[in-house]
Every structure is written in C-alpha cells, then in structure tokens.
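Quick notes on the structure that follows.
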Amino acid sequence: MDTFDKALKITRDALLSIQDGFGKKPHASLQTLEILKSATHHVSRKNPTASTPSSKSLNLPKKPAKTPLKPPTEILDSLRKAALICTKCPHLASTRTQVVFGVGNPEAELMFVGEAPGADEDAQGEPFVGRAGQLLTRIIETMGFTRQSIYIGNVLKCRPNMPAGTSGNRKPRPEEMSTCLPWLREQIAIIRPRVLVALGATAAEGLLGETRPMKELRGKWLEYENTPTLVTYHPAYLLRNQSLQEKRKVWEDMLLVLEKLGHPISKKQRGYFLS
Ligand code: SF4
C-alpha cells in the first residue's frame with residue numbers, strides 16, 4: 001500500500017468513525033465518504049501502484065465531473081437502510097415492530113418533525129398515520145402541499161416501549177432522543193429543507209434542546225443549524241383541544257411557514273378558523 005492508499009484509508013476510516021459516531025456534518029461526511037470509496041476503488045483497480053498524487057489532485061470535491069455525487073434520494077435511501085437495522089437502544093430494538101425512518105420527498109423544502117412513532121406508526125412503518133397523523137395530513141393539504149411533496153420524520157425512530165400488558169404510547173425520554181437524534185440530523189443534512197416545523201414540545205426538546213413551554217416557543221422563528229424552525233402544537237394536542245382558538249394558533253403558525261417559503265396565500269386560507 002503506497003502513501004496515497006494509506007492516506008485514503010486513514011481518511012476513510014476517520015469518516016466511517018464519524019458516521020458510526022454520528023458526525024455533526026453528516027451530509028458532507030456521507031458524500032465525502034462516497035467519493036473516497038469510489039476514489040479508493042478507482043485507484044486500486046486502475047493502478048494499484050500509483051504514486052502519491054499532488055495535493056491538488058486530492059481536492060476531490062472540486063471535480064464533480066469525474067466523481068459525481070449521488071442524488072439525495074440515493075443517499076437518503078442508504079441512510080434508511082442503515083437505520084432500519086439500528087440497535088443502539090436495545091430496549092427499543094427488541095420491542096419495536098420496525099424502525100419508522102421517515103416519509104416524503106428527499107428534496108423537500110418543508111420538513112415536519114414529530115417526537116416518536118406510536119402504535120399505529122410502529123405497525124405501518126410510517127410516521128403520522130394514526131388519528132393525529134390524519135389531522136397533520138389535512139393541515140399539510142390545506143397549506144397546499146401533499147405528504148409526498150414534503151418530508152415527515154420523528155426525533156425517535158423506534159416506538160417507545162410500554163410496560164408489558166399495557167397499551168397506548170409514552171413520550172420518548174431525553175436520553176432516548178439524544179441517542180437517536182443523529183439519524184434525524186443526517187436526514188435534515190441530506191434533505192436540506194428551507195423550513196423545519198417541530199410538532200410539540202417534546203420534538204422541540206429533541207431537535208432544538210428547547211425546554212421552554214409551548215406558549216413561549218410557538219409562533220416565532222427559531223433556528224436549527226441556520227434553518228428557520230417553527231415550533232407548533234402537536235396535532236394530538238388539537239385532537240384533545242378542539243377549540244377554534246387552538247386550531248387558529250396552529251393555522252397561524254402554518255401561515256408563517258407559507259410566508260417564509262414565499263408561497264401565495266389565498267384570502268380563504270388566511271381566514272381559516274377565525275370566528
Ligand atoms: S430509537 Fe433510534 S437509535 Fe434507538 S434503536 Fe431505534 S433507530 Fe436506533
């Protein structure tokens with residue numbers, strides 16, 4: 001193995017360790033890893049005894065024509081495949097039906113983030129498919145989107161386990177969310193949405209580390225890694241509190257999202273849930 005091969009191996013191992021340890025800039029690490037994989041493959045196949053290249057030739061990301069990057073769809077699919085076999089939380093891995101990775105457009109401009117899958121999501125493998133999910137779908141469609149045009153994911157990818165013999169769902173614990181958060185960070189880094197919406201206080205805590213009450217969080221722009229992020233009520237809250245006033249609060253948050261994205265808002269849309 002010559003110097004170049006050694007340098008590539010060291011860099012590749014370092015990136016793999018970042019990937020395993022869920023690095024802070026995952027999109028970059030994944031893409032760079034792909035480049036290095038192909039570069040290593042290319043060098044070893046084409047000329048196993050190639051001499052050490054100049055530093056200029058090591059500047060791989062500036063040569064897209066020779067080393068094309070994979071589209072977000074493929075990168076996200078690779079990430080999904082890795083997440084589906086994750087066992088970092090043994091107590092969740094042993095009780096889940098399946099990992100609920102996320103659904104939607106890998107290049108979505110808008111991404112909704114919830115807290116964790118419930119029983120329905122665990123059974124179907126898709127986030128937000130129960131009653132609260134159906135309400136979220138109505139909100140999304142009233143905004144002018146479809147579930148396929150945006151992206152929906154959770155902070156926790158596995159259903160929080162329940163004591164034996166009990167039903168229902170529980171909130172994810174902070175340590176469970178922090179263990180799983182790197183998967184979501186990877187998703188966001190690949191999708192690169194223009195706007196994020198955190199659904200509920202638990203999602204806001206998991207994604208942003210925010211522990212302030214909802215009345216202080218909602219309705220104003222926060223940031224996740226320079227991405228404008230809005231916190232609003234979880235749709236399950238609206239199922240419990242069906243007053244026009246609470247529905248209007250969530251809808252006003254969604255109007256803020258549409259404005260931020262520069263989407264036209266009709267007079268009818270502006271008037272929803274006003275008494
Ligand atoms: S909750 Fe997340 S980190 Fe834990 S096992 Fe499931 S996918 Fe892995």
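Remember, predicted model here, so these are calculated numbers, not experimental data. Order of appearance sets the numbers: ligands from 1, and atoms from 1 within every ligand.
Here Arg218 does not pair with Glu210 in a salt bridge; the nearest charged N to carboxylate O distance is not below 4.0 Å. Salt-bridge annotation for Arg170 and Glu176: present, with a side-chain N of the basic residue lying under 4.0 Å from a carboxylate O of the acidic one.
Protein contacts to atom 8 (Fe) of ligand 1 involving N, O or S atoms at a distance below 2.8 Å are Cys86 SG.
Using a 4.5 Å heavy-atom threshold, the side chains of Val99 and Trp183 count as separate.
In the hydrophobic clustering of ILVMFWY residues, with side-chain heavy atoms under 4.5 Å counting as a link, Leu255 and Val257 come out together.
Each of the following atoms of ligand 1 lies closer than 4.0 Å to a heavy atom of Arg96: 5 (S), 6 (Fe).
The neighbour count for Lys247 NZ, taken as heavy atoms of other residues, nucleotides or ligands under 6.0 Å away, is above 12.
Phe145 and His263 have tilted rings, their planes meeting at an angle from 30° to 60° on a 0 to 90° scale.
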